[in-house]
Amino acid sequence: MSDRKKVYVTRELPEDAMKLLKSKFDVEVWQEEMPPPKSLLKEKVREVNGLICLLTERIDREVINAAGPQFRGISQVAVGFDNIDVEAATEKGIYVTNTPGVLTETTADYAFALLMAVARRIAEADKYVKSGKWKVPWGLMMLLGQDVWGKTIGIIGMGRIGSAVARRAKGMNMKILYYDVVRNEKAEKELGAEYVDLETLLKESDFVTIHVPLLPSTRHLINEERLKLMKKTACLINTSRGPVVDEKALYKALKEGWIWAAGLDVWEKEPTDPDNPLLKLGNVTASPHIASGSIATRTRMAVMAVENMTAILEGKVPPNLVNKEVLKVRPSSS
Ligand code: NAD
């Protein structure tokens with residue numbers, strides 16, 4: 001019997017990552033496109049040494065409590081880890097890692113692309129032409145949008161991705177406002193970003209873009225009351241996590257014209273229901289949680305997740321340990 005450690009992977013990873021993983025461990029992969037059921041996750045953590053998973057897997061206390069004593073770590077292929085009960089993992093001495101940094105620029109590219117698409121109604125224009133609605137050769141008033149150049153952007157969460165979006169906004173000659181629970185002096189100094197409270201940001205921005213993690217403190221951060229503060233001509237862009245925005249309130253805001261348009265990559269429930277009323281609105285540009293989805297970045301994320309798992313199973317402190325307190329429960333051996 002092999003004495004190699006065992007890793008369970010909840011989806012096929014890009015080839016480079018898979019090769020690396022298989023060179024070190026005995027690997028079993030869930031072959032379906034849909035996430036594996038909870039019962040299977042519980043069964044696997046009972047027998048393997050590590051789990052590599054995606055944000056679609058709910059790794060709650062029940063799954064974590066099913067882990068056997070040989071189980072050392074959960075390596076998530078994403079920067080956000082709100083699907084994992086980190087506290088439960090820490091209590092059990094289970095290391096949790098994520099993939100920060102490698103997806104920052106790709107996600108910021110997408111957030112800015114969505115901002116531009118919403119402002120200039122690109123998704124609507126595409127449908128307009130393809131559905132044969134284009135009859136007038138050139139319409140002075142056809143599909144008019146909002147300017148981006150020189151406008152004010154409000155960034156909620158000036159971390160890695162928020163700062164990368166700010167760099168793009170600077171290139172568009174935008175005034176940059178931001179709100180965060182911590183000041184980002186680097187962004188203030190290098191990009192001229194101005195720290196304001198959330199209320200001021202919402203009142204003064206032409207574009208509001210969200211880059212906070214999903215936490216109890218950020219759930220429904222954008223609610224009815226706050227949407228009412230925004231300009232009637234403003235656009236809201238969300239590439240963070242769906243539950244940061246109250247979708248029911250957003251629907252009202254868009255339908256009743258409190259704000260002008262929204263670009264949503266993330267949803268309260270994913271996949272979002274095809275009957276979600278937001279999808280019926282022309283002023284909503286929708287995408288299926290793809291902001292980090294470039295070919296190169298998805299490979300980098302998967303390789304990073306494998307490197308994290310390798311460190312965990314070699315008894316080292318992994319480079320992207322989320323729950324540093326776990327070292328008190330189960331110290332590394334190096
Ligand atoms: P980060 O930790 O570098 O930045 C997050 C920022 O939010 C920090 O500066 C933090 O201080 C701030 N923050 C935390 N709580 C706050 C609060 N209550 N109010 C205001 N600010 C608060 O993280 P990052 O790498 O920039 O990623 C941000 C998030 O983007 C991730 O957690 C993830 O959920 C999401 N994300 C989504 C995609 C996608 O495909 N749509 C891709 C990558 C990341």
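Position 1 is the first residue of the sequence, and the numbers go up from there. Ligands are counted one by one from 1 in listed order, and the atoms in each one are counted from 1 as well.
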More than 12 heavy atoms of other groups within 6.0 Å of Arg330 CZ: yes
message: Checking a contact table here: which protein heavy atom is nearest atom 33 (C) of ligand 1, and how many Å away?
response: Arg241 NH1, 3.6 Å
query: Heavy atoms, side chains only, cut-off 4.5 Å: are Met158 and Ile176 in contact?
result: yes
message: What protein heavy atom lies closest to atom 7 (O) of ligand 1? Include the residue and the distance to one decimal.
response: Pro213 CD, 3.4 Å
message: Need the ligand 1 atom indices (1-based, order shown) with element for anything under 4.0 Å from a heavy-atom of Ser217.
response: 18 (N)
message: Students should be able to answer this: which protein heavy-atom is nearest to atom 35 (C) of ligand 1, and at what distance?
response: Ser240 O, 3.6 Å
- prompt: Heavy atom of Leu214 under 4.0 Å from ligand 1?
  reply: no
- prompt: Taking NZ, NE, NH1 and NH2 as the nitrogens, is one of them in Arg11 or Glu57 under 4.0 Å from a carboxylate oxygen of the other?
  reply: yes
message: Please work out, at 4.0 Å between heavy atoms, whether the side chain, the backbone, both, or neither of Leu215 comes within that distance of ligand 1.
response: side chain
query: Out of curiosity, is Pro100 lining ligand 1, as in a heavy atom under 4.0 Å away?
result: no
field: Those residues that, when tested against Tyr95, pass ring pair (Phe, Tyr, Trp, His ring centres under 6.0 Å) (two or more places apart)
entry: none
message: Polar contacts were defined as any N/O atom of the residue lying under 3.5 Å from an N/O atom of the ligand; does this apply to Thr239 and ligand 1?
response: yes
Ligand 1 to Asp180 polar contact by distance, N or O atoms, under 3.5 Å: yes
task: Inspect the surroundings of CZ in Arg120 and state if more than 12 heavy atoms from other residues, nucleotides or ligands are less than 6.0 Å away.
output: no
field: atom 30 (O) of ligand 1: nearest protein contact (heavy atom, Å)
entry: Ile161 CD1, 3.9 Å
- line: shortest atom 4 (O) of ligand 1-to-protein heavy-atom contact is with Gly159 CA, 3.3 Å
message: Restricting to non-hydrogen atoms, name the atom on Val303 and the atom on Ala17 that form the minimum distance, rounded to 0.1 Å.
response: N-CB, 3.8 Å
- prompt: Among Thr99, Asn83, Asn320, whose side chain to side chain donor-acceptor pair (under 3.5 Å) with Gln76 holds?
  reply: Asn83
- line: When every non-hydrogen atom of Ala169 is compared with those of Ile153, the smallest separation belongs to CB-CG2, 3.8 Å
message: Looking only at the side chains, is there a donor atom on one of Glu188 and Tyr178 sitting less than 3.5 Å from an acceptor on the other?
response: yes
- request: Starting from atom 16 (C) of ligand 1, find the nearest protein heavy-atom neighbour and note its residue, name and distance.
  value: Val181 CG2, 3.7 Å
message: Do the side chains of Glu314 and Arg72 get close enough for a salt bridge, i.e. N-O under 4.0 angstrom?
response: no
query: Do any N/O atoms on Val182 end up under 3.5 angstrom from N/O atoms on ligand 1?
result: no
query: Taking only heavy atoms of His289, which atoms of ligand 1 are found under 4.0 Å from at least one of them?
result: 39 (C), 40 (O), 41 (N)
query: Counting heavy atoms only, which of Met158, Arg160, Arg219 comes nearest to atom 3 (O) of ligand 1?
result: Arg160
Under-4.0 Å heavy-atom contact with ligand 1, by part of Val79 that carries it: side chain
query: Side chain or backbone of Val266 under 4.0 Å from ligand 1, or both, or neither, by non-hydrogen atoms?
result: side chain
task: Mark up the atoms of ligand 1 that fall under 4.0 Å of a heavy atom belonging to Gly157, in ascending order.
output: 7 (O)
- prompt: Can you tell me if Thr218 has a non-hydrogen atom under 4.0 Å from ligand 1?
  reply: yes
statement: So for Thr107 against ligand 1, with non-hydrogen atoms under 4.0 Å, the contacting part is side chain
message: Check this for me, if you would: do Lys151 and Asp147 make a salt bridge, where the nitrogen-to-carboxylate-oxygen distance has to be below 4.0 angstrom?
response: no
message: In this structure, does ligand 1 have an atom that sits under 4.0 Å from one of the heavy atoms of Val212?
response: yes
statement: Short version for His211: what comes under 4.0 Å of ligand 1, heavy atoms counted, is backbone
- prompt: Knowing that exactly one of Val118, Asp206, Thr233 qualifies, which makes a side-chain contact (heavy atoms from CB on, under 4.5 Å) with Gln146?
  reply: Thr233
query: Going through the checks in order, is the side chain to side chain donor-acceptor pair (under 3.5 Å) test met by Asn308 and Ser75?
result: CA-CA 7 Å; Asn308 283 327; Ser75 170; 4.6 Å; no
